[in-house]
Amino acid sequence: MAAKLFEPIEVRGLRMPNRIVVAPMIQFSAEEGVAGDRHLMHLGQYTASGAALTLTESCYVASNARNARSCLSLYTDEQEAAVGRIAEFFNAHSEGFFGVQLAHAGRKASAREPFKGGGYLPVEEGGYEAFAPSAVPLADDFPAPTPIPGCDPTIR
Ligand SMILES: Cc1cc2nc3c(=O)[nH]c(=O)nc-3n(C[C@H](O)[C@H](O)[C@H](O)COP(=O)(O)O)c2cc1C
């Protein structure tokens, strides 16, 4: 059977020129959640190379939903404009699609970047309160998150 990697495919009405999809790859390099040149270069290189669909890394929907302070985010106008700049690059320079992986870290919020040692980042050091469906902490060195009323506590 011939490989179909370079054949078009339609997924939920999206007609993609081939079947190459770039998975989300978190960079921990967004200053205050704003996508920078690194994000444009990182994502742009894949679409310019012909990938049919390139996904952003986890893109956080609120400041206290971020896994770490340097995570890509989409809750301010500045962040929206920065992600929009990447979308414009896709439109201008490729036939590939751009996907944004919306995310909420839940009890994983307020972590230190892995290259800074990982683990919990306390509020006194710039961390923030975590919200999650239940008050079950991520690990022994993380405080219990504040449960969100109405959430299913079996979801963690
Ligand atoms: C450096 C790195 C960053 C990642 N960041 C994310 C992420 O932001 N969101 C996500 O859902 N998965 C993330 N993943 C998981 C990948 O998207 C992918 O699902 C995983 O590597 C398994 O795919 P593979 O078997 O092709 O390697 C990351 C993986 C790596 C290696």
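Order of listing sets the numbers, starting from 1, for every ligand and every atom in it.
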- Heavy atoms of the protein only: does one fall short of 4.0 Å from atom 20 (C) of ligand 1? no
- Message: Going by the rule side-chain hydrogen bond (donor to acceptor under 3.5 Å, both in side chains), which residues pair with Glu32 if we only count those two or more places apart in sequence or in a different chain?
- Response: Arg69
- Check whether any protein heavy atom sits under 4.0 Å from atom 12 (N) of ligand 1. yes
- Could you tell me whether the side chain of Glu57 and the main chain of Gln27 form a donor-acceptor pair under 3.5 Å? yes
- Applying side-chain hydrogen bond (donor to acceptor under 3.5 Å, both in side chains), which residue pairs with at least one partner in residues 86-95 are found, sequence neighbours left out? Thr47-Ser94
- Item | Nearest non-hydrogen protein atom, atom 9 (N) of ligand 1 | Gln101 OE1, 2.9 Å
- Message: Under a 3.5 Å threshold, yes or no: a donor from one side chain and an acceptor from the other, between Gln101 and Thr56?
- Response: no
- Item | atom 5 (N) of ligand 1: the protein heavy-atom neighbour that sits closest, reported with distance to 0.1 Å | Ile26 N, 2.8 Å
- Contacting atoms of ligand 1, where contact means under 4.0 angstrom from a heavy atom of Glu57: 8 (O)
- Taking atom 28 (C) of ligand 1 as the reference point, the nearest protein heavy atom with its distance: Pro24 O, 3.4 Å
- Task: Examine the side chains of Glu129 and Thr146 and answer whether a donor and an acceptor come within less than 3.5 Å of each other.
- Result: yes
- How far is atom 8 (O) of ligand 1 from its nearest protein heavy atom, and which residue and atom is that? Ser58 OG, 2.8 Å
- Task: Might you confirm whether atom CD of Glu31 has over 12 heavy atoms from other residues, nucleotides or ligands at distances under 6.0 Å?
- Result: no
- Message: Could you identify the single nearest non-hydrogen protein atom to atom 30 (C) of ligand 1 and state the distance to 0.1 Å?
- Response: Met25 CG, 4.4 Å
- Query: When you measure from the centre of the six-membered ring of Phe142, is the NZ or CZ of Arg107 under 6.0 Å away and within 45° of the axis?
  - Reply: no
- Query: Any protein heavy atom sitting closer than 4.0 Å to atom 26 (O) of ligand 1?
  - Reply: no
- Plane angle bin for Phe28 and Phe115 - parallel if under 30°, tilted between 30 and 60°, otherwise perpendicular: perpendicular
- Message: Considering both backbone and side-chain atoms of Ala23, is one of its nitrogen or oxygen atoms within less than 3.5 Å of a nitrogen or oxygen in ligand 1?
- Response: no
- Task: Ignoring hydrogens, tell whether any protein atom lies closer than 4.0 Å to atom 23 (O) of ligand 1; use the non-hydrogen atoms only.
- Result: no
